[in-house]
Amino acid sequence: IGEINFTIISVISDHFTADDTSLEIYGLSHLNGKVVSIFADGEVIPPQLVIDGKVQLSSYFVKALVGLNITSQYIPQTIIIPSQISTGLGEKQRISRVKLLLYNSGGGQVGVSDDKLSDILYRNTEHEMDKVQSLFSGYVEVLVDSSSSSEHEMATFVLQNNSPLPMNVLGIIPSID
């Protein structure tokens, strides 16, 4: 169906060691005054403001990517399910959950609107909590609870990613009640 990805506009990759006295990434003067996203050693670091062409890190990292964050959003085409007695047009419908087929993904949210989004959770009990989790490929099921109403003819949902981690969507299977 589509691919939702984080775009890195500015990339700085540097090697840090435990002997370094500086915990900063520099060379970002073209991003002065902008809030950037940071992805370091497989970990998403909270966004930071670039001041004097640099950002401060809280700990040492071997590799770090820094860039302006973008938000990708996908709203699928309206789904109309006919019943045995009608076409389904104009009838109330409800999307209770969405099953997503993802490839090498680690970010993303699903919800009924921009302001009602839930993170897609990839980590399960088999993963160690203090280790960076690898990207996920496979099916993940997310509760949506999108009901049609008088202001919306059909039930819809939103897929969004504003994380530095990729969200590669290969398939969407909504469960309609």
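- Grouping the Ile, Leu, Val, Met, Phe, Trp and Tyr side chains by contacts below 4.5 angstrom, directly or via other members, places Val158 apart from Val110.
- Side-chain contact between Asn69 and Val36 is absent, with no heavy atoms from C-beta onward closer than 4.5 Å.
- Residues Ser163 and Val44 come closest through the heavy atom pair OG-CG2, 4.3 Å.
- You'll find the side chain of Thr71 reaches within 4.5 Å of the side chain of Gln160, heavy atoms only.
- Applying the side chain to side chain contact (heavy atoms under 4.5 Å, CB included) rule to Pro47 yields the partners Val35; only residues at least two apart in sequence or on another chain are considered.
- Side-chain heavy atoms closer than 4.5 Å link hydrophobic residues (I, L, V, M, F, W, Y) into clusters, and following such links, even through other members, never connects Ile45 to Leu49.
- The shortest heavy-atom contact between Asn161 and Pro166 is ND2-C, 3.9 Å.
- At least one side-chain heavy atom of Met167 sits under 4.5 Å from a side-chain heavy atom of Leu159.
- Side chains of Asp114 and Gln73: a donor on one and an acceptor on the other come within 3.5 Å.
- Every residue two or more places apart in sequence or in another chain was checked for a ring-ring contact (aromatic ring centres under 6.0 Å, His included) with Phe39, and none qualifies.
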Quick one: side chains of residues 99-106, donor-acceptor pairs under 3.5 Å with protein atoms, not counting sequence neighbours, listed by atom name and distance.
unit_1	atom_1	unit_2	atom_2	d
Asn104	OD1	Ser137	OG	3.4
Ser105	OG	Tyr103	O	3.1
Ser105	OG	Asn168	N	2.9

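- Both Leu170 and Ile173 sit in one connected hydrophobic cluster of ILVMFWY residues. Membership requires side-chain heavy atoms under 4.5 Å apart, directly or through other members.
- With hydrogens and angles disregarded, a donor-acceptor distance shorter than 3.5 Å links the side chain of Asn32 to the backbone of Asp52.
- When hydrophobic clusters are built by joining Ile, Leu, Val, Met, Phe, Trp and Tyr residues whose side-chain heavy atoms come closer than 4.5 Å, directly or via intermediates, Val169 is not grouped with Leu117.
- The shortest distance between side-chain heavy atoms of Leu68 and Ser37 does not fall below 4.5 Å.
- Residues Phe157 and Val112 have side chains not in contact (no heavy-atom distance under 4.5 Å, counting atoms from C-beta outward).
- Criterion: ILVMFWY side-chain heavy atoms under 4.5 Å apart, direct or through other members. Under it, Ile172 and Ile120 are part of a common hydrophobic cluster.
- At distances below 3.5 Å, not a single donor-acceptor pair connects side-chain atoms of Asp119 with backbone N or O atoms of Leu121.
- With contacts defined as side-chain heavy-atom distances shorter than 4.5 Å, the pair Ile38/Leu65 does not qualify.
- In terms of the salt bridge (charged side-chain N to carboxylate O under 4.0 Å, His left out) criterion, residue partners of Glu141 (sequence neighbours excluded) are, by chain and number, Arg97.
- Under the rule for a side chain to side chain contact (heavy atoms under 4.5 Å, CB included), Ser118 has no partner lying at least two apart in sequence or in another chain.
- Residues satisfying the side chain to side chain contact (heavy atoms under 4.5 Å, CB included) criterion with Ser59, sequence neighbours excluded, are Phe61.
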